[in-house]
Every structure is written in structure tokens, then in C-alpha cells.
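Shown next, in C-alpha cells, is the structure this report addresses.
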Amino acid sequence: MANTLELRPLGSTGLKLSSVGFGASPLGNVFGAVSDEDAVGSVRRAFLLGVNFFDTSPYYGGTLSEKVLGKALKALGVPRNEYIVSTKCGRYVDGFDFSAERVTRSIDESLERLQLDYVDILQCHDIEFGSLDQIVNETIPALQKLKEAGKIRFIGITGLPLGVFTYVLDRVPPGTVDVILSYCHYGINDSTLEDLLPYLKSKGVGVISASPLAMGLLTESGPPEWHPASPELKAACQAAAAFCIEKGKNISKLAMQYSLSNKDISSILVGMNSVRQVEENVAAAKELGIFGKDEKSLSEIEEILKPVKNQTWPSGIPQS
């Protein structure tokens with residue numbers, strides 16, 4: 001691979017992830033239909049441009065994302081150790097189930113769909129919707145057995161509220177959870193993940209950050225109808241996007257570069273479903289490597305977003 005992206009170590013795992021990760025949820029048609037040809041083409045292009053990390057979940061598109069990603073990875077025809085695959089357990093189209101029995105069955109189903117013998121990372125998906133004590137006492141021990149069986153290499157947890165990570169990590173034996181996946185907390189509008197990085201580093205936990213565009217807030221077309229952000233946050237992001245258009249800048253590219261610039265985050269996961277999207281994201285990363293951040297534009301955007309900085313939205317069930 002002549003065109004290589006920067007590779008960053010993931011906590012204590014020994015894995016090195018491409019700074020741009022391929023979020024495969026769009027392959028499950030969650031943002032509109034994607035042809036098999038486009039799906040396979042985008043995965044192939046990503047791999048050729050140096051993306052080695054692919055993330056999916058049985059929840060995305062009701063298992064469709066896993067099936068399509070599996071087909072696309074197989075079509076690459078390269079040795080298994082040349083790419084890193086992460087999938088999830090506990091969240092399904094029919095609801096949440098973090099029981100040991102369900103997550104154990106879940107990995108076998110995922111491996112079949114992905115056409116793989118093992119996944120590199122298996123993550124408990126959106127743990128704020130389950131009992132965190134069950135995650136600590138039942139789910140993670142079940143995942144450790146899967147690790148011993150060779151079906152998974154590393155264990156992760158994902159969620160929106162940052163407090164769920166410290167709750168779990170403070171209660172499991174050190175080295176049990178290898179990685180966390182946080183989303184919508186390391187971007188121009190919300191950088192609260194930064195406060196947690198020293199803690200995560202002290203635990204030897206790797207950090208993946210998803211949704212640098214805040215689920216569509218930091219795009220010219222704006223977020224989808226269902227976006228849970230407040231009207232003030234949506235309006236401020238819309239104003240920032242309009243400002244960028246006026247200045248001949250692309251807010252999504254600036255947002256991507258902002259997120260990529262923190263080297264303590266191993267990979268920035270972004271959903272992709274076309275060769276064009278892949279090329280734009282990789283180009284943003286390479287441009288950042290050569291020229292650095294556009295500090296002037298970023299500070300102007302940050303000024304517009306200042307009134308709503310670090311504003312988030314509720315997610316999950318209230319924990320007792």
C-alpha cells in the first residue's frame with residue numbers, strides 16, 4: 001500500500017489503527033440504499049488508501065452491515081492480518097440484551113455474517129441502555145471467555161454519556177476492557193472526551209472516537225430529522241456551516257481535521273458508503289499531515305459555536 005495513512009497504537013493492545021477508520025453503518029442502508037457494487041468499491045478503495053480499521057454492528061441495518069462488510073472484505077483477497085475488524089454485541093434491531101447467553105450467541109452469528117474466524121475487537125454496544133452492573137458482572141466476563149476461545153482478540157465498550165466508561169472501568173479488573181468507543185464527544189462543537197483521555201491512558205485503554213461530524217450537525221446539508229440535538233445547537237451548527245460556505249471552506253473537512261489532530265485518539269471513525277466519501281476523508285487526513293490544522297477558520301467556527309459548546313443530549317436509561 002503505497003498510499004499509507006498514519007497508524008496509531010490502540011492502548012495496550014499492540015494493534016495499530018489507521019487514523020481514519022471505516023464506519024460501516026451506512027453499508028446497512030441506514031442512510032439510504034447502497035448497492036453491493038458501491039459497498040465493495042468503497043471498502044476496497046479505503047483499504048488501498050491505507051484504511052485498515054473497519055467497524056460494524058449487528059444492529060446496523062438489522063445485520064445487513066455485517067453481511068455486506070464481510071462480502072467486501074472477502075473480495076479484497078488479502079491476508080486476514082492486514083485489516084482490523086470490530087463488531088458489537090448487546091444491541092439488536094429487536095432491543096437490548098447484554099446477557100451472557102445472548103452475547104455468546106451473538107459473536108457466532110456475527111462471525112458467520114462477516115465470514116471470519118475471529119474479530120479483533122468485540123464491543124458492548126451503547127451500554128447506557130442496559131444495567132451497568134450487569135455489564136461489569138455478567139457481560140464482560142462472558143466476553144473474556146470468548147477471548148480465551150479465540151473468537152475475539154480484545155474487549156470494548158461503547159456509549160454516548162462519558163460517565164458510563166469510568167463507571168465500568170473503575171469496577172472491572174485492570175486490563176479487562178481494552179478499548180472504548182465514544183461518539184459525538186470529540187469534535188468542534190463538543191470536545192469533552194479530552195477531559196477523560198488522561199484517565200483512559202492511566203488505565204491502558206485505547207480510544208476510538210466516532211462521528212466527527214456530530215451525526216450530521218457539522219455538514220452543509222445539516223442533520224437528519226431525527227437528530228436529538230436541541231434547536232439551539234442545530235441552529236448554531238447551521239450558522240457555522242453557512243459561514244464556511246461563505247468563506248469557501250468545507251465544514252465537514254475542517255471538523256474531520258479537528259478530530260484527527262489529537263494523537264491520543266487512535267482512530268476517528270466516520271461512516272462511509274462511496275468511493276468519493278472515502279477519498280475525501282483520506283485526503284483531509286493527508287492534508288492535515290502536510291499543512292496542519294486551519295487554525296484561523298477553526299477559531300472562527302469555534303466562536304460561532306461558543307454559546308452551545310459541549311452541549312449534548314440525553315441517551316440511555318437512568319441508572320439506579
Strictly under 6.0 Å, is that where the ring centroids of Y60 and H125 end up? yes
Any donor-acceptor N/O pair, T56 side chain to T87 backbone, under 3.5 Å: no
R105 vs D108 side-chain heavy atoms within contact, under 4.5 Å: no
If we ignore hydrogens and angles and just use 3.5 Å, is the side chain of S18 paired with the main-chain N or O of L7 as donor and acceptor? no
Mind checking whether W313 and L233 have side chains closer than 4.5 Å, heavy atoms only? yes
Using modelled atom types and a 3.5 Å cut-off, is there a donor and acceptor pairing between side-chain atoms of S182 and backbone atoms of G159? no
Has Y59 got more than 12 heavy atoms of other residues, nucleotides or ligands less than 6.0 Å from its OH? no
Test side chain to side chain contact (heavy atoms under 4.5 Å, CB included) applied to I180 and L162, L169, I208, the passing residue: L169
With a sphere of 6.0 Å drawn around NZ of K249, does it hold more than 12 non-hydrogen atoms of other residues, nucleotides or ligands? no
Please assess F129 against S315 for the test side chain to side chain contact (heavy atoms under 4.5 Å, CB included), listing each intermediate value before the final yes or no. CA-CA 8 Å; F129 289 93; S315 177; 3.5 Å; yes
Could you check whether any side-chain N or O of T104 sits under 3.5 Å from a backbone N or O of A100, counting only pairs where one atom can act as donor and the other as acceptor? yes
When you check the side-chain N and O atoms of T192 and D190, is any donor under 3.5 Å from an acceptor? yes
Y186-Y258 aromatic ring centre distance below 6.0 Å: yes
